[in-house]
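Here's the structure, in structure tokens; my notes come after.
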Amino acid sequence: MAQFSAGESTLALESAGAIRSAFHTIERLRARGAEGRGLSAGGLDLLIRLSSGPEGGISIGELAQAAGVSSRNVTGLVDTLERDGLAERVPDRHDRRSVLARITPAGLAWLESFRRPTQVAMATVFRGFTPAELTRLRHLCLLLVENQDRLDQYMNQAHSADIHPTSSAPESAERHPRG
């Protein structure tokens with residue numbers, strides 16, 4: 001790693017590697033738990049979003065945007081959830097051309113049965129962390145997301161102006177994570 005960093009500090013690269021490893025650990029755990037119950041990790045994420053969304057349902061486009069995936073991907077996930085009786089498509093009361101997805105009572109029951117084992121697994125993964133450390137970890141992760149959003153905006157602006165910057169993105173003026 002020192003060779004890659006050209007003799008400069010490797011702390012940021014090491015931190016990124018640690019975050020990547022932690023992410024994969026959590027994702028493996030989530031995927032194993034969801035698949036063991038017949039649902040992909042993507043289907044689980046969608047079901048959770050539907051459970052906390054408006055009672056009338058959420059559009060495929062809104063679900064896709066919230067999940068950071070394509071509408072086509074969400075359509076496939078909704079198809080699967082609908083086939084399994086966990087979600088349903090309903091007409092949008094405000095726009096006859098639009099269809100919304102919403103969770104079914106069976107979907108709510110599925111989530112409730114998944115909740116307790118998930119809580120136990122997360123408690124095990126985060127064993128040894130104090131509440132203050134978990135709060136700090138959450139804060140730091142949200143700060144990473146915020147910084148990445150800023151970098152994306154910077155890169156998109158540079159790309160749209162057909163500029164290829166050679167320096168790093170500007171420093172963040174604020175350091176308050178969302179959520």
Side-chain angles (χ1 to χ4, degrees), residues 1 10-90 100-152 175-179:
M1 192 171 305
T10 60
L11 188 55
L13 293 172
E14 291 171 27
S15 296
I19 290 166
R20 198 170 30 258
S21 295
F23 167 78
H24 288 299
T25 297
I26 298 296
E27 282 303 298
R28 276 194 310 273
L29 180 64
R30 289 181 66 238
R32 185 176 302 138
E35 288 170 357
R37 295 174 176 270
L39 196 59
S40 69
L44 172 61
D45 287 343
L46 190 60
L47 200 58
I48 290 169
R49 287 181 198 286
L50 291 173
S51 74
S52 60
E55 191 175 307
I58 306 171
S59 75
I60 299 294
E62 289 172 316
L63 288 167
Q65 184 176 16
V69 298
S70 70
S71 293
R72 184 174 169 186
N73 187 319
V74 170
T75 297
L77 290 171
V78 170
D79 289 345
T80 301
L81 292 174
E82 193 170 36
R83 182 196 68 221
D84 295 342
L86 303 175
E88 63 186 351
R89 286 180 171 87
V90 294
L100 305 175
R102 74 175 174 200
I103 195 166
T104 63
L108 289 170
W110 190 100
L111 277 178
E112 183 57 30
S113 72
F114 187 72
R115 181 184 57 78
R116 185 66 187 139
T118 300
Q119 288 173 326
V120 170
M122 288 300 123
T124 302
V125 167
F126 290 102
R127 180 174 285 136
F129 286 79
T130 67
E133 289 169 333
L134 287 173
T135 299
R136 183 75 177 142
L137 178 61
R138 181 188 64 207
H139 171 81
L140 293 171
C141 289
L142 291 172
L143 182 57
L144 281 172
V145 170
E146 191 174 272
N147 287 345
Q148 177 59 42
D149 287 346
R150 282 192 192 93
L151 180 60
D152 282 346
R175 291 193 158 281
H176 301 287
R178 51 190 166 159

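All heavy atoms count here, side chains included; hydrogens, waters and symmetry mates do not.
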Quick check for you: to the nearest 0.5 Å, what is the distance between L144 atom CG and H139 atom NE2?
10.0 Å
When L50, I103, V78 are each screened for side chain to side chain contact (heavy atoms under 4.5 Å, CB included) with I58, the one that passes is L50
Rounded distance (nearest 0.5 Å) linking atom CG of D149 with atom CG of L142
10.5 Å
What distance separates R150 CZ from E146 CD, expressed to the nearest 0.5 Å?
4.0 Å
R136 vs E133, salt bridge (charged side-chain N to carboxylate O under 4.0 Å, His left out): CA-CA, chis, key distance, verdict:
CA-CA 5 Å; R136 183 75 177 142; E133 289 169 333; over 6 Å; no
Kindly determine whether D79 and R89 satisfy side chain to side chain contact (heavy atoms under 4.5 Å, CB included), including the steps that lead there.
CA-CA 9 Å; D79 289 345; R89 286 180 171 87; 2.7 Å; yes
L39 side chain near W110 side chain, heavy-atom distance below 4.5 Å
yes
Where do G85 and T104 come nearest, in terms of heavy atoms and distance?
O-OG1, 2.6 Å
Going from CD1 on I48 to OG1 on T118, what distance comes out if it is rounded to the nearest 0.5 angstrom?
7.5 Å
For residues S71 and G61, report the shortest heavy-atom separation together with the two atoms involved.
OG-CA, 4.0 Å
Can you establish whether the number of heavy atoms outside R115 located under 6.0 Å from its atom CZ is more than 12?
yes
Backbone N or O of L100 within a donor-acceptor pair of the S59 side chain at under 3.5 Å?
no
Sub-3.5 Å donor-acceptor pair from the side chain of T10 to the main-chain atoms of L13, do we have one?
no
Closest non-hydrogen atom pair between L29 and A121, with its separation
CD2-CB, 3.9 Å
With sequence neighbours left out, the residues meeting side-chain hydrogen bond (donor to acceptor under 3.5 Å, both in side chains) with R102 are E88
Taking every non-hydrogen atom, the tightest pair across S40 and L77
OG-CD2, 3.9 Å
Straight-line distance of L108 CG to E112 CD, nearest 0.5 Å:
9.5 Å
Apply side chain to side chain contact (heavy atoms under 4.5 Å, CB included) to T124 and R127, showing your working.
CA-CA 5 Å; T124 302; R127 180 174 285 136; 4.0 Å; yes
Side chain to side chain contact (heavy atoms under 4.5 Å, CB included), that's the test. Do L44 and L111 meet it? Break it down for me.
CA-CA 8 Å; L44 172 61; L111 277 178; 4.0 Å; yes
Begin with the C-alpha distance, continue with both residues' side-chain angles, and end with the deciding distance and a verdict on side chain to side chain contact (heavy atoms under 4.5 Å, CB included) for R116 and V120.
CA-CA 6 Å; R116 185 66 187 139; V120 170; 3.9 Å; yes
Can you list the residues that meet the side chain to side chain contact (heavy atoms under 4.5 Å, CB included) rule with L137, with sequence neighbours excluded?
F126, F129, C141
